[in-house]
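To start, the structure itself, in structure tokens.
One-based numbering, in listed order, for ligands and for the atoms of each. No experiment lies behind these values; they were computed from the predicted model shown.
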Amino acid sequence: MKSIGLYSHDRSLYPLLSSALGNEFSFRPESMQAGIQRLLQQENCPVAVLDLRSTHDDVEESVECAHRLVDSGVTLIVLADDGQRMKANELVESGAFGYCRRPPSIRELRLLLRKACEACEKANPDESSEAYSGPAGVRHHMVGTSEAMQQVHELIDRVADIDASVLIVGESGTGKELISRAIHNAGSRASRPFVAVACGAIPETLIEAELFGHEKGAFTGSVGSREGFLEQAADGTLFLDEIGELSPYTQIKLLRVLQQREFSRLGSNRLVPLRARLVFATHRNLDEMVAEGKFRQDLFFRISVMGIEAPPLRDRAEDIPQIACHFLNLYTRSFHKQHLSFSPEALEVLKDYSWPGNVRELENVVQQAIIMSNGNVVHVDHLPWKIRESMADLPEVEDEFPSGSFERQLRDYKIKLAVTAVRDNNGNKTQTQHLAGLSSSADPPCRAGARIGNSRNGRGGTNSAVRLTTGRFRASRRH
Ligand SMILES: Nc1ncnc2c1ncn2[C@@H]1O[C@H](COP(=O)(O)OP(=O)(O)O)[C@@H](O)[C@H]1O
Ligand SMILES: [Mg+2]
């Protein structure tokens with residue numbers, strides 16, 4: 001079934017198209033701006049429908065969004081009412097695939113969509129390659145083959161078709177949202193809606209209405225009735241991101257919905273069954289929040305039937321070249337640049353950096369490098385300064401008497417030993433590792449964001465990895 005991105009401010013359009021054309025196309029409702037990046041990177045939706053409606057305040061925003069989609073190579077069909085016909089024609093002149101009058105004739109739109117998909121397949125015959133496939137041939141759109149990522153793929157496959165709640169934890173930028181989409185895409189709900197909600201981004205006063213929907217007049221300013229995210233997700237997946245940001249009040253409301261598997265819109269007594277599958281994510285340590293009384297324990301148990309940890313990028317440095325090349329290909333195309341590749345040194349520098357902002361930071365750095373490059377090759381010089389900063393930025397190792405708990409003292413001592421050893425070996429981490437007799441198991445101990453010790457994630461616990469101040473600790477390059 002073909003996935004079609006659907007950009008519209010009109011919430012009634014998705015159910016309409018889905019019920020009329022859902023046996024042939026799977027529509028992915030997206031918000032105008034925020035959904036674009038996502039669509040380009042994660043969803044294999046080279047065809048999209050964009051709705052230009054006169055009644056919407058910000059037609060210009062929609063037009064800009066349309067231009068960005070067209071520029072990025074999306075095969076775009078514009079839906080427009082008569083008031084926006086001129087704009088729709090202009091868009092077709094500047095590269096949109098076609099224009100369909102609003103309200104759409106289903107027959108006309110079906111034909112146009114078929115043609116768009118055909119054109120798109122002809123233009124990108126390799127688009128259906130296995131490049132981003134995970135195990136079992138399922139498209140997870142996630143790049144990286146490290147052991148840590150293989151484990152993530154395995155878990156995704158394991159949870160995809162069971163309806164248990166999944167909690168994805170991990171630092172910001174590690175790919176939590178991508179994992180949640182992969183879970184959705186790998187399961188039987190793949191053709192149903194996927195609705196992502198950034199809980200932290202919605203004001204406390206609005207979140208209830210946004211989640212549960214509301215009836216007309218339910219609160220001051222609620223002009224019409226509206227379905228909330230829980231209803232929009234229908235029998236698809238609702239991804240509640242940054243769940244740790246929910247207020248205690250909303251936590252109770254959500255708990256009740258999860259327990260009773262039904263909810264009602266604000267201002268209504270009608271109970272609506274919860275059909276969506278729920279996936280949660282947070283960069284916070286919910287265990288700690290529960291201990292501090294900031295997150296309800298009962299809710300924590302409800303949402304974390306299965307847990308998936310998105311590993312930080314520094315713990316899977318072997319994935320860095322692959323992910324960097326993935327972004328390089330992705331953005332050279334959308335920046336209309338010629339074919340580019342990384343010099344071996346540039347890749348080495350990328351591999352050595354500690355990536356405190358994880359994959360999101362890598363994505364950003366690759367975009368900058370593409371803009372800075374001139375020829376066919378991205379050299380070290382095209383990378384931002386912070387990535388190539390050298391030995392000069394190693395922290396001084398002070399000789400002060402250690403203080404704090406025994407664990408703390410031990411950790412500080414290990415950091416000092418490692419910094420000194422890397423310095424003594426002119427930044428050669430492999431040599432340091434060898435000479436210091438440290439195990440060469442998963443990673444060299446003094447990789448940027450170095451670790452000594454054997455915990456994989458370094459979160460709490462006496463066995464925590466020792467990180468040499470991520471981002472600040474740099475060993476000099478091996479040339
Ligand atoms: N394994 C991966 N392969 C390709 N892109 C990735 C990968 N992990 C993350 N990304 C990209 O990095 C960015 C941040 O990912 P996201 O899922 O939003 O992270 P998080 O939700 O953990 O903050 C997104 O643009 C996403 O597409
Ligand atoms: Mg996120």
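- Note on ring orientation: taking the six-membered ring where Trp is involved, the planes of Trp355 and Tyr353 are perpendicular (angle over 60°, cut-offs 30° and 60°).
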- Mind running side chain to side chain contact (heavy atoms under 4.5 Å, CB included) on Val290 and Phe300 for me, showing each step along the way? CA-CA 8 Å; Val290 168; Phe300 176 61; 3.9 Å; yes
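- Tyr249 and Glu204 share no donor-acceptor pair across their side chains, judged by distance under 3.5 Å alone.
- The nearest N/O/S atom of Asp241 to the Mg ion (ligand 2) is OD2.
- Only the side chain of Glu363 comes within 4.0 Å of ligand 1, counting heavy atoms alone; its backbone N, CA, C and O stay farther away.
- Assignment of Gly173 to the shell around ligand 1 is supported, since a heavy atom sits closer than 4.0 Å.
- Polar contact check, Arg316 against ligand 1: no nitrogen or oxygen pair lies under 3.5 Å apart.
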- Message: Between Phe212 and Lys253, is the side chain to side chain contact (heavy atoms under 4.5 Å, CB included) condition met? List the steps.
- Response: CA-CA 10 Å; Phe212 306 116; Lys253 295 273 303 188; 3.8 Å; yes
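- Formation of a donor-acceptor pair under 3.5 Å by the Asn358 side chain with backbone atoms of Ser172 is found in this model.
- Here's the thing with His326: none of its N/O atoms is less than 3.5 angstrom from an N/O atom of ligand 1.
- Checked by distance only, ligand 1 and Asp241 stay at 3.5 Å or farther apart across all their nitrogen or oxygen atoms.
- Below 4.0 Å from some heavy atom of Val143 lie the following atoms of ligand 1, by number and element: 1 (N), 2 (C), 3 (N), 4 (C).
- Comparing Arg360, Glu361, Met149 against atom 18 (O) of ligand 1, the shortest heavy-atom distance belongs to Arg360.
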- Go through Arg275 and Asp163 one step at a time and tell me if the salt bridge (Lys or Arg N to Asp or Glu O under 4.0 Å) criterion holds. CA-CA 10 Å; Arg275 290 183 293 139; Asp163 271 346; over 6 Å; no
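- Below 3.5 Å of separation, one finds an N or O of Gly175 facing an N or O of ligand 1.
- Here the side chain of Arg192 pairs no donor or acceptor atom with the backbone of Gly236 at under 3.5 angstrom.
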